[in-house]
K.L.:
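My questions will all concern the structure given below.
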Amino acid sequence: MKILYFLTGILMVAGVVSCADDNGNYDYATLNTITIKGMADEYIVDQNDTLWVDTLRLDFALEENAEVAYEWVIRAQSGEAEVISTAKNCGGRITQAPGSYTMSYLCVTDLTSDLKYYYPFRLTVNTPYQIGLYVLSETADGTAKLSMQRRDKENAPMMDNLFELCNPDLGILGKKPVQLSYYDWMKVSSSGLVVLCQEGDRKISLLNEETLLLEQYWNESSIENYSGSFEPVFYNDDMGGTVLDREGRVFTFNYSDNKTLYAPAEIENTRFSWIGGGSLASTQNYAYDEVSQQFVMLKNTDNPLKFDRMSPIDSLDTEGQTYRAFAVNGDRTLFPVLYDPSTGMEHYYELETIEEHDEYWTQYWYVYNHKEKAVRSAVMEEDSKCLLSDMDYWYVSKGNRVVRYFFSATSNVEEWTPGLEGRVTALMFDYEQDRIFVAAYDGTKSYIHEFSAANAKEELAEPMEVEGKIVSMCMAGLGDWIY
């Protein structure tokens, strides 16, 4: 039992005066002391969740119906304190950062005697944001919305408006969102959530993986030695990161801790439609140039983070073809798909980077393999989303459904999902590629379906609803998911 109670200063001063005039003629009054019961010594709650305590009981020495006041206080080691509830049954929202708050307490004040009774407890705040399915959507007015379904708990609901919830003084995340990524490179010790928007002050945002607090953002004014427009369309995590903008220019990040975003080096007569990783070396990167209609290897001369020259991949004949989509299979093998409008054919390419070394592991070099893997009548539409499984199956969105076919020129195209509520706008594998998440947009809301990758007739969960059009999805926590 923990009971702490104090007299106010006024009562104590009054006691001193009474003793000074003491003639022995006075009456004793028994205090209506209060005993706090039903409390735990520790409570554990997730950040931005509610601390519920409805087990509190008060035992009074005399009058059971004494008027009292309650204060549930969360106090950090620094001394900073916040009253989260003034009700008997606590229902206060916990906004504190993840950590341990060992100096928290409940204060019960007897309003008749002004006596205060304290019950200390420890509050442990966990993060709810490190394991789950993240969703980036666009509302009718173009506003970016960040949502998440936790995957460390069964049947967890979708949590919406997370940026505004975790950053209440910063307004909206941005407008015209295009991509959401969960990558390691931006932070030295842990991961970060990267969001791309084409409008607003925050064109690229880095959110803390534990708290979703905005750690850093970039726009035109934060690009080193640059003046001009900047509308990102695609972000690639390779040796720091590259960003492709609407005008076909490639911006690069410094992968060290200063996270500088560099302006694109001028490479004349180019307009890149795709930028891929695939290179283990920081000095080069794959890209597709729509002007020369060629795959190229972007390279640098002096600054390893500024591409200022390119070498065409002449072994691939891509004349007349335009970029359509790409997939990744493995860490360093890329499969871009090009479309030839004059023939109606799709061309599937394989770009592979292999690291080799001598027998003593003292010298390293890179071997690049490039080949056209398949040519077939076009399956993809201009805005199709696609995935490539480890089993060499392509999953491709077509309107309100997903089709599947084997990675060959002659394989049949299988109607893999039934017709959904609206047009498919995003696809994502889970970590083991056992499940595929399919987002469909009906013009007002999006619905996320969870299918077995082996059999799309087996829908594994009830569809989840998200306001607006889902434009991108990503995983956090990877292998730690609970289904």
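The figures that follow rest on heavy atoms only: side chains count, while hydrogens, waters and symmetry mates do not.
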K.L.:
Backbone N or O of Ala156 within a donor-acceptor pair of the Gln149 side chain at under 3.5 Å?
P.N.:
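Flag set: sc Gln149 to bb Ala156 pair under 3.5 Å.
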K.L.:
Between Tyr288 and Phe326, does the ring centre distance come in under 6.0 Å?
P.N.:
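No; Phe326 has its ring centre 6.0 Å or more from that of Tyr288.
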K.L.:
What distance do Ser205 atom OG and Phe163 atom CZ have between them, rounded to the nearest 0.5 Å?
P.N.:
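Between atom OG of Ser205 and atom CZ of Phe163 there are 6.0 Å.
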K.L.:
Before giving the answer on side chain to side chain donor-acceptor pair (under 3.5 Å), spell out for Tyr262 and Asn225 the whole-Å C-alpha distance, their side-chain angles and the decisive distance to 0.1 Å.
P.N.:
CA-CA 8 Å; Tyr262 291 105; Asn225 300 323; over 6 Å; no
K.L.:
Would you please test Tyr182 and Val194 for side chain to side chain contact (heavy atoms under 4.5 Å, CB included) and show each step?
P.N.:
CA-CA 6 Å; Tyr182 195 83; Val194 183; over 6 Å; no
K.L.:
Looking at Thr211, is its backbone amide N or carbonyl O close enough to the side chain of Asn208 to form a donor-acceptor pair, meaning the two atoms are under 3.5 Å apart?
P.N.:
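The answer is yes, because a donor-acceptor pair under 3.5 Å joins these two groups.
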K.L.:
Applying the side-chain contact (heavy atoms from CB on, under 4.5 Å) criterion to His449, which one of Glu421, Glu462, Met464 satisfies it?
P.N.:
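For His449, the side-chain contact (heavy atoms from CB on, under 4.5 Å) test succeeds with only one of Glu421, Glu462, Met464, which is Glu421.
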K.L.:
Is there a donor-acceptor pair under 3.5 Å between the side chain of Tyr217 and the backbone N or O of Leu214?
P.N.:
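Between the backbone of Leu214 and the side chain of Tyr217 there is no qualifying donor-acceptor contact (under 3.5 Å).
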K.L.:
Assess whether side chain to side chain contact (heavy atoms under 4.5 Å, CB included) is satisfied between Gln47 and Tyr129, documenting all intermediate values.
P.N.:
CA-CA 9 Å; Gln47 185 188 28; Tyr129 303 127; 3.6 Å; yes
K.L.:
Quick one: do Glu415 and Arg401 make a salt bridge, cutoff under 4.0 Å?
P.N.:
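Between Arg401 and Glu415 there is a salt bridge, with a charged N closer than 4.0 Å to a carboxylate O.
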K.L.:
Let's go through His370 and Glu352 carefully: what are the C-alpha distance in whole Å and the side-chain angles of both, what is the deciding distance for side chain to side chain donor-acceptor pair (under 3.5 Å) to 0.1 Å, and is it a yes or a no?
P.N.:
CA-CA 6 Å; His370 313 130; Glu352 183 181 31; over 6 Å; no
K.L.:
Please determine which of Asn236, Leu334, Ile275 meets the side-chain contact (heavy atoms from CB on, under 4.5 Å) test together with Tyr286.
P.N.:
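When Asn236, Leu334, Ile275 are each tested with Tyr286, the side-chain contact (heavy atoms from CB on, under 4.5 Å) holds only for Leu334.
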K.L.:
Just so I know, are the side chains of Ser147 and Tyr134 near enough to count as touching, which here means a heavy-atom distance under 4.5 Å?
P.N.:
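The answer is no, as the side chains (C-beta and beyond) never meet within the 4.5 Å cut-off.
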K.L.:
Run the salt bridge (Lys or Arg N to Asp or Glu O under 4.0 Å) check on Glu346 and Arg376 step by step: do they pass?
P.N.:
CA-CA 5 Å; Glu346 285 174 347; Arg376 64 174 302 144; 5.5 Å; no
K.L.:
Quick test of your reading of the model: are Glu414 and Arg404 salt-bridged, counting only N-O distances below 4.0 Å?
P.N.:
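So Glu414 pairs with Arg404 through a salt bridge.
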K.L.:
Looking at CG of Asp314 and CD of Gln294, how far apart are the two atoms once the value is rounded to the nearest 0.5 Å?
P.N.:
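Nearest 0.5 Å value for the CG-CD distance: 5.5 Å.
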K.L.:
Does a side-chain N-to-carboxylate-O contact under 4.0 Å join Asp46 and Lys153?
P.N.:
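Lys153 and Asp46: salt-bridged.
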K.L.:
Parallel, tilted or perpendicular: which one describes the rings of Phe295 and Trp274, with boundaries at 30° and 60°?
P.N.:
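Perpendicular.
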K.L.:
Which heavy atom in Glu164 sits nearest to a heavy atom in Ala144, and how many Å separate them?
P.N.:
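The pair with the smallest heavy-atom distance is OE2-O, 4.3 Å.
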K.L.:
Taking all non-hydrogen atoms of both residues, which atom of Ala440 and which atom of Gly422 are closest, and how far apart?
P.N.:
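Nearest heavy atoms, Ala440 then Gly422: CB-O, 3.6 Å.
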K.L.:
Are Tyr395 and Tyr405 close enough that their ring centres sit under 6.0 Å apart?
P.N.:
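Not under 6.0 Å, so no.
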K.L.:
Here's one to test your reading of the geometry: is the NZ or CZ of Lys373 within 45 degrees of the ring axis of Tyr349 and under 6.0 Å from its centre?
P.N.:
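Here Lys373 fails the 6.0 Å and 45° test against Tyr349.
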K.L.:
I'd like to know whether Glu465 forms a salt bridge (Lys or Arg N to Asp or Glu O under 4.0 Å) with Lys445, so could you lay out the CA-CA distance, the side-chain angles of the two residues, the decisive distance to 0.1 Å, and finally the verdict.
P.N.:
CA-CA 7 Å; Glu465 293 186 12; Lys445 291 183 178 180; 3.0 Å; yes
K.L.:
Any Lys/Arg nitrogen of Glu290 or Arg271 sitting under 4.0 Å from an Asp/Glu carboxylate oxygen of the other?
P.N.:
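Answer for the salt bridge query: no.
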K.L.:
With side chain to side chain contact (heavy atoms under 4.5 Å, CB included) as the criterion, how do Trp481 and Leu133 come out once you've worked through the C-alpha distance, each side chain's angles and the decisive distance to 0.1 Å?
P.N.:
CA-CA 9 Å; Trp481 281 27; Leu133 167 65; 3.9 Å; yes
K.L.:
Is any NZ, NE, NH1 or NH2 atom of the basic residue among Arg423 and Asp383 found under 4.0 Å from an Asp or Glu carboxylate oxygen of the other?
P.N.:
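Result for this pair is yes, salt bridge flagged.
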K.L.:
Would you say Gln198's side chain and Pro232's backbone share a donor-acceptor pair under 3.5 angstrom?
P.N.:
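Judged by distance alone, yes, a pair lies under 3.5 Å.
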K.L.:
Determine whether the aromatic ring centres of Phe251 and Phe230 lie less than 6.0 Å apart.
P.N.:
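Here the rings of Phe230 and Phe251 have centres that are less than 6.0 Å from each other.
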K.L.:
Would you say the ring centers of Tyr348 and Phe335 fall short of 6.0 Å from each other?
P.N.:
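They do not qualify: ring centres at least 6.0 Å apart.
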K.L.:
Apply side chain to side chain donor-acceptor pair (under 3.5 Å) to residues Ser452 and Asn455 and explain how you reach the verdict.
P.N.:
CA-CA 5 Å; Ser452 163; Asn455 181 9; over 6 Å; no
K.L.:
Flag the pair Arg246 and Glu231 as a salt bridge only when some basic side-chain nitrogen lies within less than 4.0 angstrom of an acidic carboxylate oxygen.
P.N.:
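Counted as a salt bridge, because a side-chain N and a carboxylate O are separated by less than 4.0 Å.
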K.L.:
Counting distance only, does the side-chain N/O of Glu450 pair as donor-acceptor with the main-chain N or O of Arg435 below 3.5 Å?
P.N.:
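No, the answer is negative, given that no donor and acceptor are paired below the 3.5 Å cut-off.
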K.L.:
Would you call Arg324-Glu381 a salt bridge at under 4.0 Å N-O?
P.N.:
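Result for this pair is no, no salt bridge flagged.
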